[in-house]
There are 2 protein chains.
Amino acid sequence: MPKLDLTTEEKILKAAEAIFLRDGYDGSRMQDIADEAGINKALLHYYFRSKDKLFEHVFDLKIGTFFPKADGVFDLDIDFTDKIGLIIEGYINLLRENPYLPLFVLNTVNNPEKSDFIKKLPIGLMQKIALNYFVELQKGKVRSINPMQFVMSIMGMCVFPFLAQPILMDAFGADKKAFDVLMEQRIEELKLYVKLILTP
Amino acid sequence: MPKLDLTTEEKILKAAEAIFLRDGYDGSRMQDIADEAGINKALLHYYFRSKDKLFEHVFDLKIGTFFPKADGVFDLDIDFTDKIGLIIEGYINLLRENPYLPLFVLNTVNNPEKSDFIKKLPIGLMQKIALNYFVELQKGKVRSINPMQFVMSIMGMCVFPFLAQPILMDAFGADKKAFDVLMEQRIEELKLYVKLILTP
DNA sequence: ATTTAGTTTAACCATTTGGTTAAACTTGAC
DNA sequence: GTCAAGTTTAACCAAATGGTTAAACTAAAT
């Protein structure tokens, strides 16, 4: 059961996350974050000395959810195709709970002033997928395609709908609920795509 | 052959595009745009009365390149699969020339203060693809999948690499040149994916 | 020669913004 | 009771920023 009373530090981080993700770094105001947290600006600076420091804290806290956690997947005794399926399922469900995170992260790493943050990204999963794909390829169990292209395709198909959500909702005449249903169905849809693409 | 001397208005729009796409709306400074255009701030306001007006001009000019122009494609006497292939080819080549545009557009439509701009988007192509897919489905020529899911997948696979370019270059150890080669190869790769996914 | 649009210079303005400070107040730990 | 950390209040500061203004200058059109 969730804690009822957040500490002030937690309230600040939660508020900062909401504002930074909604308005971006440049668009966010320290006063707005203080208001959202229900405290005053002086206390905000008492906890996090500057906007940059606060932003970095938020980024560090959320960065783990830009890629899905799939550490155990590759140890399972199932087909490679099914492993990818599990990753997709975990990823889309993660994104359904953090729909604004991809744009936040992409903006950060594309921001000339923040591009060092790219070093914080856990890119291990991408490389792991490419590596495991290569092993399967040696065994002749998957179609011969470029592993990098494959990784980009999987990620793109998972992430893009959340980036373009307002456009897609407009184009498809869908509301938030309908969009979420579409994302739920998307899990099985993408599993099918993967099977079709990978099966030699 | 390109005009040698741009008019002042053209110089301003070109400079504004460069700054807005690099720094985002909130991160852009009118002074930076004036400097980039080689003029002064007074003249900048003489041509475009406000930052908002200038931004809207840039957005209107570039919005056409967020989706590829593929008007004639659906009138061609070729397979649906090949029509999609042509769209993909046109789209990726368009993005190779406008790599920063997707993030710019996605930020704009996700910005609470600019969300009306969504109405400016030419979403016709998305609907046209879904519609034409539906016709093919009736004829039993394509696998039965959700047209909306298909459209999202195509767009995601085309656009995502350009959004995540810094991340991908880091993860794959690629430089700009290698990345562009990867995008060139991606055209044929995605054509293959589409054939595999659509063929019943 | 005069007009006119385009352009520069440079100062100016009001507002916003990140950040600071100092004093007073609260509250739980010791 | 005392102490210290946490918190509020409210004023303050310096810098940045979008935007304005007025006067002077340039060059092409009339």
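Chain letters run A, B, ... following the sequence lines, proteins first, then strands; residues in each count from 1.
Checking A:N110 against B:Y100 by side-chain atom types alone, no donor-acceptor pair falls below 3.5 Å. For the residue pair A:Q31 and A:D35, a side-chain donor N or O sits within less than 3.5 Å of a side-chain acceptor on the partner. For A:K83 and A:N132, the side-chain atoms include no donor-acceptor pair closer than 3.5 Å.
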Would you mind building the protein contact string for nucleotides 5-12 of chain D? One character per nucleotide, 5' to 3', B for base within reach (heavy atoms under 4.0 Å), S for sugar-phosphate only, - for untouched. SSBBBB--
Given the rule in the ring-ring contact (aromatic ring centres under 6.0 Å, His included) test, do A:F160 and B:F160 qualify, once you have shown the distances and angles that lead to the verdict? CA-CA 6 Å; A:F160 179 76; B:F160 179 78; 8.9 Å; no
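Ring-plane geometry between A:F80 and A:F150 is classed as tilted, the angle between the planes lying from 30 to 60 degrees on a 0 to 90 degree scale.
Summarising the geometry, the separation between CG on B:D26 and P on C:dT16 is reported as 15 Å, rounded to the nearest angstrom. C:dT15 atom P lies 18 Å from atom CD of A:Q31, rounded to whole Å. In this structure, B:I12 places its CD1 atom 11 Å from P of C:dG6, rounding to the nearest Å. Following rounding to the nearest Å, A:K51 (NZ) and C:dT16 (P) show an atom-to-atom distance of 15 Å. Atom OH of A:Y25 is separated from atom P of C:dT17 by 13 Å (rounded to the nearest Å). Distance A:M30 CE to C:dG18 P: 7 Å, rounded to the nearest Å. Per the geometry, CZ belonging to B:F55 stands 14 Å off P belonging to D:dG18, to the nearest Å. Distance CZ (B:F48) to C1' (D:dG19): 16 Å, rounded to an integer number of Å.
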Pairs under 3.5 Å (N/O, protein and nucleotides 13-16 of chain D):
none

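Remark: the backbone N or O of A:I145 is not paired with any side-chain donor or acceptor of B:E189 at under 3.5 angstrom.
B:K191 has a carboxylate O that lies under 4.0 Å from a charged side-chain N of B:E89, or vice versa, which qualifies the two as a salt bridge.
Stacking of B:K62 on the aromatic ring of B:F20 is not recorded, the 6.0 Å distance cut-off and the 45° axial limit not both being met.
Ring centroids of A:F55 and A:F104 are separated by less than 6.0 Å, placing the two rings close together.
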